[in-house]
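Data block below; observations after.
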Amino acid sequence: MNKLFIVGLGPGSADSITLGTIEKMKNADKVFLRTEKHPVVPYLKTQGIIFDTFDKMYEKSTSFEEVYENIAREIIDIAKKYRKVVYAVPGHPYVAEKSVEYILNFCNDCADISIEVIPAISFIDAIIEELKIDPIYGLKIIDGLSLDVQKPDKRCANIVVQVYDRFIASEVKLKLAEVYGDSYPVTVIKNAGIPGKQVIETIPLYMIDRLDWIDYLTSLYIPPVQTLFQEKYDIYDLLEIMRILRSEKGCPWDKEQTHRSLEKYLVEESYELVDAIEKESEDKMAEELGDVLFQVVFHSQIAKERGTFNFGDVVDGICKKMIWRHPHVFGREELTTSKAVLEKWDELKKQEKDLNSYTEVLKDVPRYMPALIRSYKVQEKAAKVGFDWDRVEDALSKVDEELEELKEVYKGKDKEKISEEIGDLIFAVVNVARFLDVEPESATHNTVEKFIKRFEYIEKAAAKNGHKLDEMTLNDMDKLWNEAKMNNFNKKNEK
């Protein structure tokens, strides 16, 4: 059986190459280096080691992934032809070495090749030694070419490798700034562990791509964030802030709150978000979304203290729900229209909540939802089983009917009956809105805004004429109201 030895050349100093590696290279039938661009290559030549390299691959390929895959396939083909082949890579074969990963994956079914990996000192070891880092406190190693999927952890040290040139440094800078901010201090290190060639410089993050000495042996060290006063925050910072606010030395008001006492704030913050959306103010939306998120974190912290659930459970639950309710995205089911998606959503929701009758579906609409919205949703769900008018004219007739019933009782003393008939009338109007595909909540809000604008016109017009509203008759105010309506009508026609 042919043998493929994968060896590491260490971080760059000849002193870091193991005797085992030199022995394997001297006794091999063929020796291949991934690249000749490594500081120990001159030393290998003094040892009489003859080798080929894969540097030509870098010129032919369009991406590093393609380079490493092509190298892996070629070295495997070579290993099938010779009894002993050595493939040498910078550093340690298992540390930030994609070509080795490809080789091991491709050789899962290679019965005619035996692979042996010879360990070495990695450039990570050299960085740890030079910067005096103890990895016991947490150390994450990230590929600079994969920051879209490999996210840094602010709560531990991070080493970003594969910072090959200033262009990649610029890309790395932009992605890291989203986590740390532009001014966070980082350490750039080149030729780690190579006496006389090592360069170490600590600078603000935004400056890393201004260094003209960055090359393929450059890495970036990011120390852990150790203060709550930061340029950029994340969800874990918010959780910690909430924990502090509720702690013994926290805020007296925050410590007093309960799920019940916070109800109104969640509703208020949600409506403020809706207001920002309606005003198309995206800066305000970001602020209000933060306020809503804070409410979620607040409730989660209270529950955590009670031992019932925590923020992690909230996130876990919604992730599982979204995956479960989207079988056409995360499963094999095919749903090609929004209508089909909504029907499937309702079906899965009934399964989750064990709703076994249509009445249970109606009862599932939250009682404390705004009444117009709740009315709309209940009618919508009832309509799905055919309990609905055939035409909007029928719904309009029901409004007339409910109005007549209100007229019969509004002068009486039975307040409960009057309240019931007013409720019936509003419910009937909501039904008409649903038929016409109009959100009754939004329509009513728009009417309130219109009322305020017309009232403003009355007040300003009265003041212009030297009058105060509380001194005017209803008839006088009504004339100004009609003027406001006419002005609004004319403005619409001008458009």
Side-chain angles (χ1 to χ4, degrees), residues 1-55 57 68 71-72 74-107 110 112-135 139 141 159 161-162 189-200 215-219:
M1 180 181 291
N2 293 350
K3 194 86 172 180
L4 172 60
F5 296 98
I6 302 177
V7 303
L9 299 176
S13 170
D15 294 337
S16 64
I17 302 178
T18 66
L19 293 175
T21 292
I22 295 296
E23 180 187 352
K24 291 290 188 294
M25 296 178 84
K26 286 183 175 180
N27 295 325
D29 298 318
K30 286 285 183 179
V31 175
F32 282 84
L33 309 185
R34 175 167 67 75
T35 177
E36 193 171 356
K37 294 179 180 180
H38 193 274
V40 301
V41 170
Y43 173 74
L44 298 180
K45 291 178 180 178
T46 66
Q47 297 298 305
I49 296 172
I50 300 172
F51 57 81
D52 290 316
T53 77
F54 288 108
D55 285 319
M57 292 282 194
Y68 300 141
I71 289 174
E74 187 162 332
I75 198 67
I76 290 171
D77 289 339
I78 293 168
K80 291 178 180 179
K81 299 174 184 176
Y82 298 93
R83 194 170 60 87
K84 291 182 180 179
V85 173
V86 169
Y87 174 55
V89 298
H92 192 297
Y94 285 137
V95 179
E97 189 51 59
K98 196 70 176 181
S99 64
V100 174
E101 183 181 334
Y102 277 120
I103 291 170
L104 298 176
N105 287 335
F106 293 156
C107 280
C110 293
D112 51 347
I113 300 176
S114 174
I115 296 179
E116 183 178 342
V117 178
I118 309 299
I121 296 175
S122 76
F123 67 94
I124 299 296
D125 296 308
I127 292 175
I128 288 174
E129 180 180 350
E130 294 300 327
L131 299 183
K132 307 297 185 290
I133 304 167
D134 188 347
L139 177 62
I141 302 169
I159 294 177
V161 303
Q162 314 271 42
I189 181 166
K190 172 184 172 181
N191 297 324
I194 306 175
K197 295 185 177 181
Q198 178 175 279
V199 183
I200 299 176
D215 66 10
Y216 60 96
L217 291 176
T218 303
S219 298

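Heavy-atom basis, side chains included; hydrogens, waters and symmetry copies ignored.
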(message) Check this for me: does any side-chain nitrogen of one of Glu101 and Lys98 sit under 4.0 Å from a carboxylate oxygen of the other?
(response)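 Yes, charged N to carboxylate O under 4.0 Å.
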
(request) Would you mind checking if Asp215 and Lys190 are paired as a salt bridge, meaning a charged N to carboxylate O distance below 4.0 Å? (result)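 Asp215 and Lys190: salt-bridged.
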
Just how far is it from atom [atom1] of [X] to atom [atom2] of [Y], taken to the nearest 0.5 Å?
X: Ile50; Y: Lys30; atom1: CD1; atom2: NZ; answer: 9.0 Å
X: Ile189; Y: Phe123; atom1: CD1; atom2: CZ; answer: 10.5 Å
X: Met1; Y: Asp112; atom1: CE; atom2: CG; answer: 7.5 Å
X: Arg83; Y: Asn27; atom1: CZ; atom2: CG; answer: 9.5 Å
X: His38; Y: Thr53; atom1: NE2; atom2: OG1; answer: 13.5 Å
X: Ile17; Y: Ile118; atom1: CD1; atom2: CD1; answer: 13.5 Å

(message) Within a 6.0 Å radius of atom OH on Tyr216, are there more than 12 heavy atoms belonging to other residues, nucleotides or ligands?
(response)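 Counting neighbours around OH of Tyr216, more than 12 heavy atoms of other residues, nucleotides or ligands fall under 6.0 Å, so yes.
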
I need the minimum non-hydrogen distance between [X] and [Y], along with the two atoms involved.
X: Asn2; Y: Ala79; result: ND2-O, 3.0 Å
X: Ile159; Y: Ser219; result: CG2-CB, 4.4 Å
X: Pro93; Y: Gly8; result: CG-N, 3.6 Å
X: Ser99; Y: Ala72; result: O-CB, 3.8 Å
X: Pro11; Y: Ile194; result: O-CD1, 3.7 Å

Side chain [X], main chain [Y], donor-acceptor under 3.5 Å:
X: Asp125; Y: Ser122; result: yes
X: Glu116; Y: Phe5; result: no
X: Asp29; Y: Lys84; result: yes
X: Asp55; Y: Glu36; result: yes
X: Asn191; Y: Lys197; result: yes

Quick one: does [X]'s side chain get under 4.5 Å of [Y]'s, heavy atoms only?
X: Ile103; Y: Ile71; result: no
X: Glu74; Y: Met57; result: yes
X: Phe106; Y: Ile75; result: no
X: Val41; Y: Phe51; result: yes
X: Val100; Y: Arg34; result: no
X: Pro90; Y: Glu97; result: yes

(request) Begin with the C-alpha distance, continue with both residues' side-chain angles, and end with the deciding distance and a verdict on side chain to side chain donor-acceptor pair (under 3.5 Å) for Ser13 and Ser16. (result) CA-CA 6 Å; Ser13 170; Ser16 64; 4.9 Å; no

(message) Could you go through Val85 and Ile113, starting from their C-alpha distance and side-chain angles, then the distance that decides it, and tell me whether this counts as side-chain contact (heavy atoms from CB on, under 4.5 Å)?
(response) CA-CA 10 Å; Val85 173; Ile113 300 176; over 6 Å; no

(request) Report the C-alpha distance between Leu9 and Tyr43 in whole Å, list the side-chain angles of each, state the deciding distance to 0.1 Å, and finish with yes or no for side-chain contact (heavy atoms from CB on, under 4.5 Å). (result) CA-CA 11 Å; Leu9 299 176; Tyr43 173 74; over 6 Å; no

(message) Tell me whether the rings of Tyr87 and Phe54 are parallel (<30°), tilted (30 to 60°) or perpendicular (>60°).
(response)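 Perpendicular: the ring planes of Tyr87 and Phe54 meet at over 60°.
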
(message) Which residue is it: Val40, Val7, Leu44, Asp52? I am looking for the one with a side chain to side chain contact (heavy atoms under 4.5 Å, CB included) to Leu33.
(response)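 Filter result, single survivor: Leu44.
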
